Q: 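A single structure is presented below for examination.
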Amino acid sequence: MSPSEPAPNFIRKLIADDLVSGRFGGRVITRFPPEPNGYLHIGHAKSICLNFGLAAEHPGDRCHLRFDDTNPTKETTEYAESIMDDVRWLGFDWGPHLYHASDYFDRLYEWAVALIKAGKAYVDDLSADEIRQHRGTLTQPGTESPYRARSVEESLDLFERMRAGEFPDGSRVLRAKIDMASPNLNMRDPTMYRIRKVAHQRTGDRWCIYPMYDYAHGQSDSIEGITHSICTMEYEDHRPLYDWFLDALGIYHPQQIEFARLNLSHTVLSKRKLLELVEGGHVSGWDDPRMPTIAGLRRRGYTAEALREFCERIGVAKKDALVDVAHLEHCLREDLNRRAPRAMAVLRPLRLVIENYPEGQAEIMEAVNNPEDASMGTRQVPFSRVLYIEQDDFREEPSRKYYRLAPGTEVRLRYAYLVRCTGVVKDERTGEVVEVRVSYDPATRGGDAPDGRKVRGTIHWVSAAHAVEAEVRLYDHLFLVPRPGGEDEAGDWKADLNPRSLERLTGCRLEPGLEAAAPGSRYQFERNGYFCVDVKDSSPGRPVWNRTVSLRDTWAKIEKGAKA
RNA sequence: UGGGGCGUGGCCAAGCGGCAAGGCGCGGGACUUUGGAUCCCGUAUUCGGAGGUUCGAAUCCUCCCGCCCCAACCA
């Protein structure tokens, strides 16, 4: 896919300004700082593309991958592994610049000591509950902790002993001494360190006090020489604090810039809700193909190129936005259309018998692999007297605009022959059509009529004797409505779950060449959509395919319009 | 309610004092051995609202309205 021209956005503009003013020595060093406490989702993809993309626009610049691992109670190496896999799969490379906030625990500790010595931090003995009560409210200022006036020496001693493990969890914290009356709650003596006697996935039991995000993040940026620290809007209120620590410490000062996080229609993108979907069994796991996680999208058959293009096209701004999932699907189809080889597959088979075609005969038809790309060549598809066609491609009582098979009508079997419907065979009891009878015109091999007669409909088929049987999973949006739970956060979002987001079809018939399709490989099943071999559940004898996305369905619109 | 941020077509989003880009969606047409793809054409006399400044305002000023975020020893 040819990537779009970088669109102007306020961050690119800010960086361009810094580049001309020489503010950061003409460098652009960004970072993607995930907390390893969950799987990455498409909202993270936006941030990844932004951070790595911005750095890549300037030769010699770079983007770091830094794990914000300051809370050992929630973080695991399993999550960290999945995050690295996902970033790599998206197509980005942090080179040697893999870091962890925990790499800086020593330095952070020393800096904390320096702040205590400068009278800018103190050990507080208040409980979490008491601290909350002292914080005040949105409209009322807080009140100072009685321990705020404690001597530097005492705080120093206590902080050292906190580190040595002398005090139980929750008994004391280290706080910055800023302003309990600040209208910005983040500035009301924020907590810098808390006691957590738990092992950390990287530092083991070396520490029993851990820094808070606000105390660790800016300094980590500073240590790494980050120039532009890009984060989401909810951190805007934290920027004064980010700045305060760096200034109080007198160290290199990056610029924090905030942008609006991505919201996608018909799904949820909060770690909490995604976790709930996984743990509640509403999906099969983090990589369920219906999940908006990178792992889920990947298993579903999305391409990294489509995801990157999507992130570029939706733009970057500060406005709360709900992007229509149709936009994502558009980017996917655009990419897959160009690269996916075509194949014929019948999802809901209906027997079709060509009465005047010799029994036991088979011939080989040549089919184009991708009409968008001649270099992808052609393939050979076996044809015979008994075929399967899509149930939907036959109608006993067709509407005026229906131009597929119906009693007496003629259609083209793609890459094969023109056939005319001569009759049907019905189930005696149910009256259901179980077989369609047709006669073919031997002069139309390949699909062209020598007499120039026009045939409106072309349908796909698979030779019954040669077909490969497979399970195909059709996915639809996970939620029925654009905004699950409605406008307010308190809404019952799970009530909007789509009960038919997964439909499993068995006994689907694929053209024989698909038997060899490798796990993860993507094809367009003509007239149906894009499909890929499931990487987890598919096996050589028992193929399982996922529908990545359907083709645009103009016919569905026509029918819907006719009914309305 | 105190603070912060944001309001441009159905959904995103440029524009930042000179007279509304682009994409998605939608509608129409052309073409077509995928009712796919592709290609055309249409889709905001108006920028949350009201005043004001100016020859001229989405862009500047004032007031109002609406939406989002913040009171974890989470990030």
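Throughout, a chain's letter reflects where its sequence line sits, starting with A, and its residues are numbered from 1. Computed from a predicted structure; not experimentally measured.
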Q: Thinking salt bridges, do A:R522 and A:E305 make one under a 4.0 Å N-O criterion?
A: no
Q: Between A:T554 and B:G36, is there a contact of a side-chain N or O with OP1 or OP2 at under 4.0 Å?
A: yes
Q: Name the nucleic acid region contacted by A:Q524, choosing base, sugar-phosphate or nothing; use a 4.0 angstrom heavy-atom cut-off, strictly under.
A: base
Q: Do the side-chain N or O atoms of A:K401 get closer than 4.0 angstrom to the phosphate oxygens (OP1, OP2) of B:G35?
A: no
Q: Looking only at side-chain N and O atoms, does A:R342 come under 4.0 Å of OP1 or OP2 in B:U34?
A: no
Q: Would you say A:R132 reaches B:A72's phosphate, i.e. side-chain N/O to OP1/OP2 under 4.0 Å?
A: yes
Q: When you check the phosphate oxygens OP1 and OP2 of B:A72, does a side-chain N or O of A:R135 lie under 4.0 Å from one of them?
A: yes
Q: Among A:R420, A:R404, A:R456, A:K454, find the residue that satisfies the salt bridge (Lys or Arg N to Asp or Glu O under 4.0 Å) test when tested with A:E410.
A: A:R420
Q: Counting the atoms with a prime plus P, OP1 and OP2 as sugar-phosphate, which does A:D320 contact under 4.0 Å by heavy atoms, base, sugar-phosphate, or nothing?
A: sugar-phosphate
Q: Is A:D448 touching bases, backbone alone, or none of the nucleic acid, heavy atoms closer than 4.0 Å?
A: base
Q: Output a table of nitrogen or oxygen pairs between the protein and nucleotides 21-26 of chain B separated by less than 3.5 Å.
A:
from: B:C24; atom 1: OP1; to: A:H330; atom 2: NE2; distance (Å): 3.2
from: B:C26; atom 1: OP1; to: A:K557; atom 2: NZ; distance (Å): 3.0
from: B:C26; atom 1: OP2; to: A:K557; atom 2: NZ; distance (Å): 3.3

Q: Between A:Y440 and A:Y417, how do the two ring planes meet: parallel, tilted or perpendicular, split at 30° and 60°?
A: perpendicular
Q: Within the structure, does a side-chain N or O atom of A:T70 lie under 4.0 Å from either OP1 or OP2 of B:A75?
A: yes
Q: Is there a ring-ring contact (aromatic ring centres under 6.0 Å, His included) between A:Y122 and A:Y147? Walk through the geometry before answering.
A: CA-CA 8 Å; A:Y122 63 96; A:Y147 301 97; 8.7 Å; no
Q: Looking at every strand, decide which applies to A:Y193 at a 4.0 Å heavy-atom threshold: base, sugar-phosphate, or nothing.
A: nothing
Q: Verify the stacking flag for A:W555 against B:G35: centroid separation must be under 5.5 angstrom and the ring planes must differ by under 30 degrees.
A: yes
Q: Please determine if a side-chain N or O atom of A:K318 lies less than 4.0 Å away from the OP1 or OP2 oxygen of B:G7.
A: no
Q: Would you call the rings of A:H44 and A:F32 parallel, tilted or perpendicular if under 30° counts as parallel and over 60° as perpendicular?
A: perpendicular
Q: Would you call A:R66 and A:D221 a salt bridge, taking side-chain N to carboxylate O under 4.0 Å as the test?
A: yes
Q: Any N or O donor-acceptor pair under 3.5 Å from the base of B:G4 to the side chain of A:R239?
A: no
Q: Would you call A:E276-A:R272 a salt bridge at under 4.0 Å N-O?
A: yes
